[in-house]
Amino acid sequence: MDKTYQPEQIESRWYERWEADGRFAPSGEGEPYSIMIPPPNVTGSLHMGHAFQDTIMDTLIRWRRMQGNNTLWQVGTDHAGIATQMLVERKVAAEEGKTRHDLGRDAFIDKVWEWKHESGGHITRQLRRMGASVDWSRERFTMDDGFYKAVQEVFVRLYEEDLIYRGKRLVNWDPTLHTAISDLEVENRDQQGSFWHFRYPLADGVTTDTGLGYLVVATTRPETMLGDTGVAVNPEDPRYASLVGKFIELPLVGRRIPIVADEHADMEKGSGCVKITPAHDFNDYEVGRRQGLPLINVFTQDAAILPQAEAFDIQGRPLPDIDPSLPQAYAGLDRFEARKQIVADMEAAGLLEQVETVNNTLPYGDRSGDVIEPLLTDQWFVAVERLAKPAIEAVENGDIQFVPKNYENMYFSWMRDLQDWCISRQLWWGHRIPAWYDIDGNVFVARNEVEATREYLVELGHFIEHEQGDFDTAMRLRGFNQLLGGTTEMTADALKTMEKLGVPRLSQDEDVLDTWFSSGLWTFGTLGWPEKTPELKTFHPSSVLVTGFDIIFFWVARMIMLTLKFTGEVPFKQVYVHGLVRDGQGQKMSKSKGNVLDPIDLIDGIQLDELLEKRTGSLMQPQKAKAIAKATRDEFPEGIEPHGTDALRFTFLSQATTGRDIKFDMGRLDGYRNFCNKLWNASRYVLMNAEGEDCGVSLEGQGGDVELSLADRWIVSRLQQTEAQVTRALEEFRFDHASQALYEFVWNEYCDWYLELSKPVLWDDNASPSAKRGTRRTLVRVLEAILRLAHPMMPYISEEIWQRVAPLAGKAAGDGSESIMNQPWPVAEQEKIDEQATRDIEWLKGVIVAVRNIRAEMNIAPGKPLDVLLTKGGPDDPARLEANRRVLPKLAKLASVDWLYDPQQAPLSATQLVGEMEVLVPMADLIDKDAELARLAREIDKQDKLIGGIEKKLGNESFIAKAPDAVVEKERTKLADFQAARRLLVEQHDKIAAL
RNA sequence: AGGACCAUAGCUCAGUUGGUUAGAGCGCCACGUUGACAUCGUGGAGGUCGGCGGUUCAAAUCCGCCUGGUCCUACCA
């Protein structure tokens with residue numbers, strides 16, 4: 001083995017080997033355990049959040065696999081509608097100077113597929129770098145054929161049950177992307193804006209109670225006034241009671257609009273009068289519905305002013321009786337231009353009463369960054385109410401558990417106030433909506449065009465026969481319909497026949513589905529639904545979903561609703577919710593801030609100049625480049641060193657504390673890389689001493705007799721406890737505890753103590769062969785168990801070392817034909833826990849630490865051999881000394897150590913207490929009297945404080961009376977210990993003072 | 001406005017059902033190179049557990065209020 005741990009040399013090699021050997025696929029035996037990966041964007045790249053999440057999932061999967069579960073980690077990618085389409089649009093614009101409209105739908109979609117094929121392997125390669133043991137043989141894509149089928153099926157069935165409907169509704173419209181987006185994709189940002197107060201003249205010579213000929217309304221959106229269809233006052237408002245039912249003459253437009261009474265109008269705010277624009281404001285839409293006001297749309301899809309308004313009733317039916325004319329001065333003006341112009345015109349007309357500056361929030365599209373516009377458009381919706389009920393119950397009754405539990409509240413509060421889900425998007429990349437229209441706009445929802453056409457032919461035939469009495473044509477249509485039966489595609493022949501029959505072809509809906517509609521089917525769609533596959537039976541519901549809190553609404557809630565609806569099962573039994581990975585300062589990582597860390601760079605390392613280029617290369621705001629470059633130089637003056645995948649994974653796990661965001665700590669990454677190195681070198685030591693030697697047992701068979709030392713029994717005992725700790729932590733999703741338990745055992749016990757304790761045995765020619773065998777066997781076996789314990793967290797290094805160590809423990813061929821991946825998870829054995837050995841080793845450690853302390857306090861060189869005396873202490877202590885004669889002098893670097901039976905004989909010494917026992921280092925000539933007296937005085941003072949505290953407690957009658965006996969007893973013991981320590985210090989002090 | 005979460009050593013974080021001399025890693029200081037490891041070893045300094053009040057024999061831990069921070073939801077005509 002190399003002297004230093006070099007991760008890059010082992011990582012890719014092992015991953016390829018595992019994959020080639022098919023070790024990621026389900027074993028087919030044991031209790032099923034499955035995780036569905038949250039599918040990353042197919043053309044994206046791995047960020048810290050993915051790396052974190054994948055580490056957790058892989059740890060769980062590897063752990064369960066070792067426990068003997070039939071594990072499936074389902075992998076796949078998402079087509080990510082808007083994100084991918086935008087990316088390709090930008091690419092096409094840059095490379096060819098064309099828009100998607102220049103290319104046309106089919107050619108553009110070809111381009112997207114091309115891009116998918118070109119870049120789609122990137123993130124899956126990165127996933128491999130992370131060591132993710134996903135089953136690549138089952139990799140899926142949300143737009144593959146099987147998924148397409150599942151999506152169609154779900155859509156059609158929901159439609160058939162009236163859970164999907166189409167309608168003209170007010171939706172969040174992105175004027176840049178020209179598509180509807182869901183509430184969740186809207187980001188509200190605080191802004192400073194103006195608040196304009198307008199005078200709206202009363203019609204028909206009516207005046208207010210105070211004699212004014214107008215009402216004052218205020219708005220932050222003056223341009224929408226063109227679409228006003230009413231003014232509302234509060235029904236309780238005495239000031240305007242007489243005006244309800246009267247009319248306003250809408251300025252600039254001239255339309256007569258009614259004054260209505262509606263509780264939406266707040267008497268406290270402004271004048272108490274509010275303009276109502278049902279086609280351009282969500283609240284006003286509701287007022288319009290309640291008051292029966294028409295909807296007048298004045299915007300184009302670019303959010304510019306229409307030359308002529310469009311009027312509808314609340315059902316979305318056109319209202320031809322309403323005069324659609326708008327002032328031509330505004331036609332074609334962008335909304336913000338129109339706003340300026342309208343304010344100017346109102347002012348010129350003397351109708352602008354005042355302008356206030358206010359803070360308000362504006363909705364922005366999270367993809368385009370444009371201001372979102374409520375716009376009246378035809379869209380498809382899922383009626384969620386009936387779906388939500390069972391989804392809420394599933395969490396209430398514990399079929400689904402959130403970890404940590406408090407996210408359940410977040411889920412409930414959202415689920416109990418759900419709006420219908422707008423699922424249509426005016427995009428090209430995605431699942432096209434399976435709905436077809438005839439020339440009259442009648443809709444046929446079906447699994448494919450043939451099915452839709454057949455429905456259409458039935459209706460058409462019926463109409464022709466009964467309404468037109470044309471029996472022959474009707475019969476011919478039916479004949480054709482029969483012919484189509486059983487096919488799923490409209491063939492050229494079929495189309496020709498239709499033409500002959502004079503039946504126009506149906507046209508498919510242009511829209512595609514919201515990406516989350518298809519990802520909502522992820523857990524069962526990936527397993528072959530709607531077919532009843534064996535995988536579906538075995539692996540559904542999945543065991544646990546690992547995801548960020550930020551997509552509980554987007555994804556988790558919708559998966560629960562759709563999965564319950566279509567499989568009757570929950571999608572997963574548990575949801576492990578983790579926080580966001582932030583930078584070391586707690587800032588969200590973002591390209592524009594220039595603080596993004598790439599997990600691959602942490603693994604492989606990166607030069608400073610390359611890192612700078614990455615962070616400042618293609619910034620949206622190039623002026624930030626300088627500041628970003630400086631911050632990067634300050635933080636990483638030498639770039640980033642390679643740390644390896646295992647260290648990165650271990651860092652994530654150690655920081656995976658429940659339910660809060662993670663500030664990624666480079667210091668910890670360094671620390672855990674060092675930990676890998678520690679494990680590496682400890683293994684080197686073990687191999688150096690065990691390979692080619694008799695370890696008591698090996699692949700070749702039984703070796704000679706073994707004799708287990710105190711240290712051997714102790715470390716085996718501690719191993720059992722560590723195994724139990726790690727297992728329990730994993731069961732509770734406490735990855736931080738799991739990693740810490742392993743770290744502490746390996747470093748603080750196995751390396752710091754056990755390896756040191758083994759040296760005197762192995763290096764002592766006088767030690768018996770059976771004792772040496774016992775030590776070698778323990779070294780090897782404990783290390784082998786450590787590696788298995790570490791494997792789910794650190795797959796590579798554990799495998800690499802295990803291949804060398806396992807044969808020594810009689811476990812594997814050592815040629816890679818076996819893998820640690822498939823070894824049994826260590827199970828703690830109660831009978832190996834040895835309390836006596838633990839106490840004895842604690843005693844030994846106590847003596848060694850005492851000597852080290854004396855060296856430090858007395859300024860004695862660490863290597864200088866000392867003569868030491870032990871005295872007082874318990875009845876077992878002289879025997880303990882004898883039992884440890886081989887190791888104690890070696891570890892504490894002693895020239896001699898003896899038991900002093902008569903404490904009175906003690907020479908002047910530096911002393912330390914180990915329990916009751918005193919450790920003496922005679923050193924009459926070495927003591928600096930004054931300094932030592934001062935030190936002892938400080939120590940005595942310290943003990944006095946401790947004693948004082950406890951005496952006060954024990955002097956309190958209610959404490960004695962009310963505290964449990966065990967607690968009281970513990971305090972008494974402590975008091976005795978402190979007093980003994982103090983006595984010793986005082987004795988020592990007096991002795992030195994007397995010199 | 002409503003809600004959630006958080007506040008423990010210079011930094012990043014543990015701290016199970018109240019009872020610990022309040023811990024770890026990094027950083028810092030001192031010392032240390034013969035055979036696993038300087039990506040190391042040994043020893044050390046550093047905290048009135050955000051503030052105030054309460055419950056209790058006992059509070060970092062439970063309750064209330066306050067301050068500061070992060071986030072979510074809603075509203076802002």
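Below, all heavy atoms of this structure are taken into account, side chains as well, without hydrogens, waters or symmetry copies. Letters A, B, ... mirror the listed sequences (proteins, then strands); counts begin at 1.
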>> Any base atoms under 4.0 Å from A:Glu356, or only sugar-phosphate, or nothing? Heavy atoms, all strands.
In response: nothing

>> If you assign each of A:Asn409 and A:Thr220 to its closest nucleotide in RNA chain B, which residue comes earlier from the 5' end?
In response: A:Asn409

>> Please classify the nucleic acid contact of A:Val217 as base, sugar-phosphate, or nothing, using heavy-atom distances under 4.0 Å.
In response: nothing

>> Just N and O in the side chain of A:Trp747: are any of them under 4.0 Å from OP1 or OP2 of B:G41?
In response: yes

>> Any side-chain N or O of A:Asn674 below 4.0 angstrom from OP1/OP2 of B:C40?
In response: yes

>> Please confirm whether the shortest side-chain N or O distance from A:Arg734 to OP1 or OP2 of B:G15 is below 4.0 Å.
In response: yes

> Is A:Lys974 near enough to B:U21 that one of its side-chain N or O atoms lies under 4.0 angstrom from OP1 or OP2?
Replying inline: yes

> Quick one: is B:C57 close enough that its OP1 or OP2 comes under 4.0 Å of any side-chain N or O from A:Lys953?
Replying inline: no

>> Taking any heavy-atom pair under 4.0 Å as a contact, classify A:Lys952: base, sugar-phosphate, or nothing.
In response: nothing

>> Quick check on RNA chain B: between A:Gln655 and A:Tyr672, whose nearest nucleotide comes earlier from the 5' end?
In response: A:Gln655

> NA contact type, A:Lys678, heavy-atom cut-off 4.0 Å: base, sugar-phosphate, or nothing?
Replying inline: base

>> Is it the case that the base of B:U39 and the side chain of A:Arg673 share a donor-acceptor contact (distance under 3.5 Å, atom types as modelled)?
In response: yes

> What is the nucleic acid contact for A:Trp414, judged by heavy atoms within less than 4.0 Å: base, sugar-phosphate only, or nothing?
Replying inline: nothing

> Where the side chain of A:Ala963 is defined as all heavy atoms beyond and including C-beta, which of B:C57, B:U42, B:U70 is the nearest nucleotide?
Replying inline: B:C57

> Between A:Lys845 and A:Glu756, is there a side-chain N and carboxylate O pair less than 4.0 Å apart?
Replying inline: no

> Any sub-3.5 Å donor-acceptor pair from A:Asn595's side-chain atoms to A:Lys588's backbone N or O?
Replying inline: yes

>> Taking any heavy-atom pair under 4.0 Å as a contact, classify A:Cys676: base, sugar-phosphate, or nothing.
In response: nothing

>> Looking at A:Tyr685, I'd like to know if the NZ or CZ of A:Lys759 sits under 6.0 Å from its six-membered ring centre while staying within 45 degrees of the ring's axis.
In response: yes

> Is A:Asp284 touching bases, backbone alone, or none of the nucleic acid, heavy atoms closer than 4.0 Å?
Replying inline: nothing

